[in-house]
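The block underneath contains the structure these notes are about, expressed in structure tokens.
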Amino acid sequence: MPDPAVPPTPPVALSALLAREDLGLRQIAGPKDTNTVIHWAHTSEMADPYPYLLGGELLLSAGVHIPEAAGSGSLGDYFDDYLSRIVAAGGAALGFGLAPVHDTVPRALVEACDTYGLPLLEVPPQTTFSGVARAVWQLMAQARHAELRRVTEAQQSLAAAASRPDPVRAVLRQLAQRIGGWAVLYGPEGAESASAGRAPDGQGPEAASAGRAAEATAAGRAAEIAAAGREPGDVVRGALAELAAVVRPSGPGTPTSATDTAAGTHLAAYALGAGQGFVLGVAAPHRDTGDHTIASVAAVLLSLLTGEHQSGSGAARSSALVRLLLGAEPEAVAPLLGSGGWLVVHGSPDAQPCDPVAAAALGAALGSPLVDLARDVVRVLVPADREPAPQPGWTLGVSAPATARDWPAADTQAARALSRARATRAPLHRHGTHRPALTDLLSPGEAEAHARALLAPLTPPLAETLRTWLSLHGSWDRTAVALAVHRNTVRQRIARCAALLGTDLDDPDVRMELWFALRHGER
């Protein structure tokens, strides 16, 4: 039958529970293995506790369920059935309470626990089952705290390693040290690219433990290794390489991580990034709580460190920049950046000013690392096959698809599209999706400069009143309602605007020019 699932809690060593002097527990049967752990304490007086166990529990019972009239022979059969169900459910140990039902632990139960290899604890009368459960909870809390501290310290040390010279090997060395084993980076072709730590020898403590617990299995494994003429360390290396091949991206449904055991050594493999082909392999003689989290953090860091190397995009972009600086034509450089057409995207953040982190985040969201941060606009060069979508916190203008020769024209298109998006308060505007207007003939910079100069005499309240008044075709009453002021206040403000601007607001040409300026000056 399948292995029972254990609760998602940090395990507690049974030896730690036995060491609690306040409980007075005593192990009287079963293997005294210091590696035995429990995941919870559960009290049950059912003759068949199987349906109520998740696995990994310390089952506590006062023997209420034991038949009173049964003889010693019948008790042996009863305890045989009872313990077989506990073991089948994955119970880790059995605690038998003395008093009020039994003064001593039944001898037949002691013998049955020895037979089934289930640790049996004698619980003294002064120790309550709730006290035992509370002690387990306290030990679990301590274990969780220690686990979190260990993971946190490992995360900090791995992050520090990633900033050192030769960061890939530095991260591998730190990971190997933290797990007490071997860490290896496999390249896209499956070969070992770098490694650190103690190379696997297949002689971990689990190997010896497994040999004592299941000699036939261990003997079979040893015979298989000997027949193949291979050392245990070679078996571990081969098994880890095979596990890495399992998680190497090969199509939909490929797992991102996998675990296995070979020659008493715990193995794990983690795919690095999407489609890169690099795989992190880990081999350790034992698997502690938190090892998976620590290895996952290392996998993320290695994904960042190997991504540029694998794709070649970083080197290609550097080469493209150098060639442009040395006088190469854009169309000659474009193949280094990718094939196909391009879109130029101008982005304006809702919260000014924009910083490099926000600019890089916009590029990542649009699917391109080709980002230029200006004073108040971010420009991104995006492959034409990636359709830009509106981004929260940004106003975007997108050019029409263009070849490398037409990049300057596409840059102008994106700037005009951004201006249109701002004017219409739209999150994104694409060039060519509206009827051409006279404003498209002017560069945004020139339009903004003219607007600022023309509207300079007006205060913000006066400019807002003028903009609302013009948008409502000079209606005093509708403007007053829109601004929540008296109509006489509107008249006074408009008269003030006319005086400061030195112009006639009844002239249609003047109104058109002011409307144009207000649309471009509000940025």
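Computed from a predicted structure; not experimentally measured.
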field: Any donor-acceptor N/O pair, S193 side chain to L185 backbone, under 3.5 Å
entry: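 It does not hold such a pair.
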Which atom names give the shortest non-hydrogen contact between [X] and [Y], and what distance separates them?
X    : Y    : answer
A410 : S399 : O-CB, 3.2 Å
P388 : V345 : CG-CG2, 4.0 Å
V236 : A263 : CG2-CB, 4.0 Å
G181 : P285 : CA-CD, 4.4 Å
L418 : T395 : CD1-O, 3.2 Å
L175 : A183 : CD2-CB, 3.9 Å

For the residue pair [X] and [Y], establish whether any side-chain heavy-atom pair is separated by less than 4.5 Å.
X    : Y    : value
D260 : L240 : no
L366 : V371 : no
C497 : L458 : yes
L501 : V510 : no
T465 : R496 : no
V344 : Q413 : no
L505 : W469 : yes
D411 : H346 : yes

Just verifying a value: how many Å separate [X] [atom1] and [Y] [atom2], rounded to the nearest 0.5 Å?
X    : Y    : atom1 : atom2 : answer
L267 : W182 : CG    : CH2   : 9.5 Å
R430 : E387 : CZ    : CD    : 4.0 Å
S475 : L470 : OG    : CG    : 12.0 Å
L272 : L301 : CG    : CG    : 10.5 Å
L148 : Q155 : CG    : CD    : 9.5 Å
H450 : L455 : NE2   : CG    : 8.0 Å

- request: Using the side chain to side chain contact (heavy atoms under 4.5 Å, CB included) rule, take T259 and R287 through it: C-alpha gap first, then chi angles, then the decisive distance, then the call.
  value: CA-CA 11 Å; T259 59; R287 182 176 296 154; 4.0 Å; yes
Charged N to carboxylate O below 4.0 Å: is that the case for [X] and [Y]?
X    : Y    : answer
D288 : R178 : no
R493 : E464 : no
E147 : R144 : yes

task: Using the side chain to side chain contact (heavy atoms under 4.5 Å, CB included) rule, take L362 and W394 through it: C-alpha gap first, then chi angles, then the decisive distance, then the call.
output: CA-CA 9 Å; L362 176 62; W394 292 87; 3.7 Å; yes
task: Report the C-alpha separation of L280 and F278 in whole Å, then their side-chain angles, then the decisive distance to 0.1 Å, and conclude whether the side chain to side chain contact (heavy atoms under 4.5 Å, CB included) test is met.
output: CA-CA 7 Å; L280 170 64; F278 282 92; over 6 Å; no
- request: Show your reasoning for whether side chain to side chain contact (heavy atoms under 4.5 Å, CB included) applies to R150 and I294.
  value: CA-CA 9 Å; R150 174 174 176 257; I294 294 172; 3.8 Å; yes
message: Parallel, tilted or perpendicular: which one describes the rings of W407 and W342, with boundaries at 30° and 60°?
response: perpendicular
